[in-house]
Amino acid sequence: MTKFTDPVFQAQNSLRADVNYMMEDFLGAEGITSQEIEAIGQGIQTGVQSLKLRRSEMAWRDLPYGQASVVEEIKKFAGAARERFANFVVLGIGGSALGPLAVHQAVNHPQYNELSREKRGGPRFYVLDNVDPERFAALFDVIKPEETLFNVITKSGSTSETMAQFLIIRSLLRQVLGERYHEHLVATTDREKGNLVNIARAEGYHLFFVPAGVGGRFSELSPVGLLPAAMGGIDIDGLLAGAAYMDKWISESESLWDNPACLRAVLHYLALRRGKNISVMMPYAEGLKLFADWYAQLWAESLGKRFNLKQEEVFAGQTPVKALGVTDQHSQVQLYTEGPFDKVINFLAVDRFRQVVDIPKDFPEIPGAAFLGGHSLNGLMEAERQATEYALYKARRMNTTLFLPEINEFSIGQLIYLLEVETACTGELLGINAFDQPGVEEGKNATYALMGRPGYENKREELAGAAAKLERFLLRRKQA
Ligand code: PA5
């Protein structure tokens, strides 16, 4: 038994979900009533039932299990590569970048890349999730390609941003390393589709596969996320054990009230029906800041749909907003407490931070400063979270909290899995397909056309036609 499968460890590290501040009992007329939940009872049953029935269509739900040989291969590969390379760089975007970033930031040291190699125990960690030329070029002011392993991650094997980065890096590596360039490339992609798999096979890169039926934003627990995590020294068994624990909790719940993912989905769905068009993700932990980015993609790309499953136009979705406690108390919380009644605020709270920082007792003659002494930053952080929650409650604003006993692999695995199932369940209630992204595909295709990809000539004409029809109004300062 590992620590992650020990029932005592699991009980001590189990997430808790608080949804009280969504309900009428706490918020009065602004809250959701049990009757409302009852009234969509059939919808819930159908939604939850359909999640169970369609589980076979949701390959990502089985990622916590059944990857034993891949997990072993990842550990073996990462073990050797962590010794060999000074830097590890992910080339990817969207679902191929946000998960690796979020997990790395959560579990690893906040100043990871600045630590000594000895303290890090492995290579520096970078994720290039944009094609901004300044940022791209700047990376090579701080790393040497010949000391670096590049992980090209693209499920489709054809995304313009990732493939462009790959082409540049491959050419650079060939210049610097000659024949041995392929040892510095590892690809994570679909087993059959796309161009990357063929290139990787032909040129002899180490290859990992995104399992069939696992979409980009639901792929963090596949090699997409597991390899970068292992390269950063994260215990991937812990991530998977946390996800498996959450899956068991969700799957074995007899009632909706015991099921954190489906209950949160139902409440968000009902909130949306009451005009709460915005869902704010606000972690009270710097380490979870990028989880808000990961959630934003999951929620936006999965639920933002023009058509429902019956092909009726519905324009569904709830806009995700990223915030950070306590920082955004001094920026966004004013809007949340006194602005429009159009939001649900989702806090992520941490019971035990991995560091305790005490505030010294000082300035006894200045009571307005002295009161902080003897407390800790931990206490201040928690007091501020509770204070914000209270301010929202007083202003009758819907809010929820997910408590992580501590940030570690096990709790992060639970959080990923919970939010994925919550998103899928909300999709079922909305009657939409949460697993496609036709709006993103349109943009991808237009990019191919503009960049001259063969086969996209008609799209290029379509774009040119649209541009010709528009007379753009552009403001310019008149020169004297
Ligand atoms: O969730 C998704 O499917 C998308 O956000 C993709 O992850 C993103 O577009 C990148 O695609 P790919 O991994 O095919 O390069």
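We count ligands from 1, going down the list as the structure has it; atoms in each ligand are counted the same way.
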### Summary
atom 7 (O) of ligand 1 has as its nearest protein heavy atom Gly95 N, 2.9 Å
### Task
Flag Arg217 as yes when one of its N or O atoms lies below 3.5 Å from any N or O atom of ligand 1, and as no otherwise.
yes
### Task
Look at atom CD of Glu313 and say whether more than 12 heavy atoms of other residues, nucleotides or ligands are closer to it than 6.0 Å.
yes
### Query
For ligand 1, is Gln297 a contact, meaning one of its heavy atoms is under 4.0 Å away?
yes
### Message
Return the closest protein heavy atom for atom 10 (C) of ligand 1 as residue, atom name and distance.
### Response
Ile93 O, 3.3 Å
### Task
Check each of Gln437, Lys444, Glu441 against atom 9 (O) of ligand 1 and report the one with the nearest heavy atom.
Lys444
### Query
Parallel, tilted or perpendicular for Tyr295 and Trp299, by the 30°/60° rule?
parallel
#### Entry: Atoms in ligand 1 flagged as close to Lys155, the criterion being non-hydrogen separation under 4.0 Å
12 (P), 13 (O), 14 (O)
### Query
With under 30° as parallel and over 60° as perpendicular, where do the rings of Phe125 and His104 fit, or are they tilted in between?
parallel
Give the table of side-chain donor-acceptor pairs shorter than 3.5 Å for residues 217-229, with sequence neighbours excluded, one pair per line with atom names and distance.
{"residue": "Arg217", "atom": "NE", "partner": "Ser302", "partner atom": "OG", "Å": "2.8"}
{"residue": "Arg217", "atom": "NH1", "partner": "Glu301", "partner atom": "OE2", "Å": "3.0"}
{"residue": "Arg217", "atom": "NH1", "partner": "Gln437", "partner atom": "OE1", "Å": "2.6"}
{"residue": "Arg217", "atom": "NH2", "partner": "Ala434", "partner atom": "O", "Å": "2.9"}
{"residue": "Arg217", "atom": "NH2", "partner": "Asp436", "partner atom": "O", "Å": "2.9"}
{"residue": "Arg217", "atom": "NH2", "partner": "Gln437", "partner atom": "OE1", "Å": "3.3"}
{"residue": "Ser219", "atom": "OG", "partner": "Gly216", "partner atom": "O", "Å": "2.6"}
{"residue": "Ser222", "atom": "OG", "partner": "Ser219", "partner atom": "O", "Å": "2.7"}
{"residue": "Ser222", "atom": "OG", "partner": "Val224", "partner atom": "N", "Å": "3.2"}

### Query
Got a second to check how far Thr159's OG1 is from Lys155's NZ, nearest 0.5 Å?
11.0 Å
### Query
Which atoms of ligand 1 are found less than 4.0 Å from any heavy atom of Thr154?
12 (P), 13 (O), 14 (O), 15 (O)
### Message
How about NZ on Lys276, more than 12 heavy atoms from neighbouring residues, nucleotides or ligands closer than 6.0 Å, or not?
### Response
yes
### Query
For atom 12 (P) of ligand 1, which protein heavy atom lies nearest, and how many Å away is it?
Thr159 OG1, 3.3 Å
Taking distance alone, no hydrogens or angles, what donor-acceptor pairs closer than 3.5 Å link side-chain atoms of residues 75-86 to residues at least two apart or in another chain?
{"residue": "Lys75", "atom": "NZ", "partner": "Glu72", "partner atom": "OE2", "Å": "3.4"}
{"residue": "Lys75", "atom": "NZ", "partner": "Asp237", "partner atom": "OD1", "Å": "3.4"}
{"residue": "Lys75", "atom": "NZ", "partner": "Asp237", "partner atom": "OD2", "Å": "2.7"}
{"residue": "Arg82", "atom": "NH1", "partner": "Met231", "partner atom": "O", "Å": "3.0"}
{"residue": "Arg82", "atom": "NH2", "partner": "Gly121", "partner atom": "O", "Å": "2.8"}
{"residue": "Arg84", "atom": "NH1", "partner": "Glu183", "partner atom": "OE1", "Å": "3.4"}
{"residue": "Arg84", "atom": "NH2", "partner": "Glu183", "partner atom": "OE1", "Å": "2.7"}

#### Entry: Met163, Lys193, Glu301, Glu161: member with heavy atom nearest to atom 2 (C) of ligand 1
Glu301
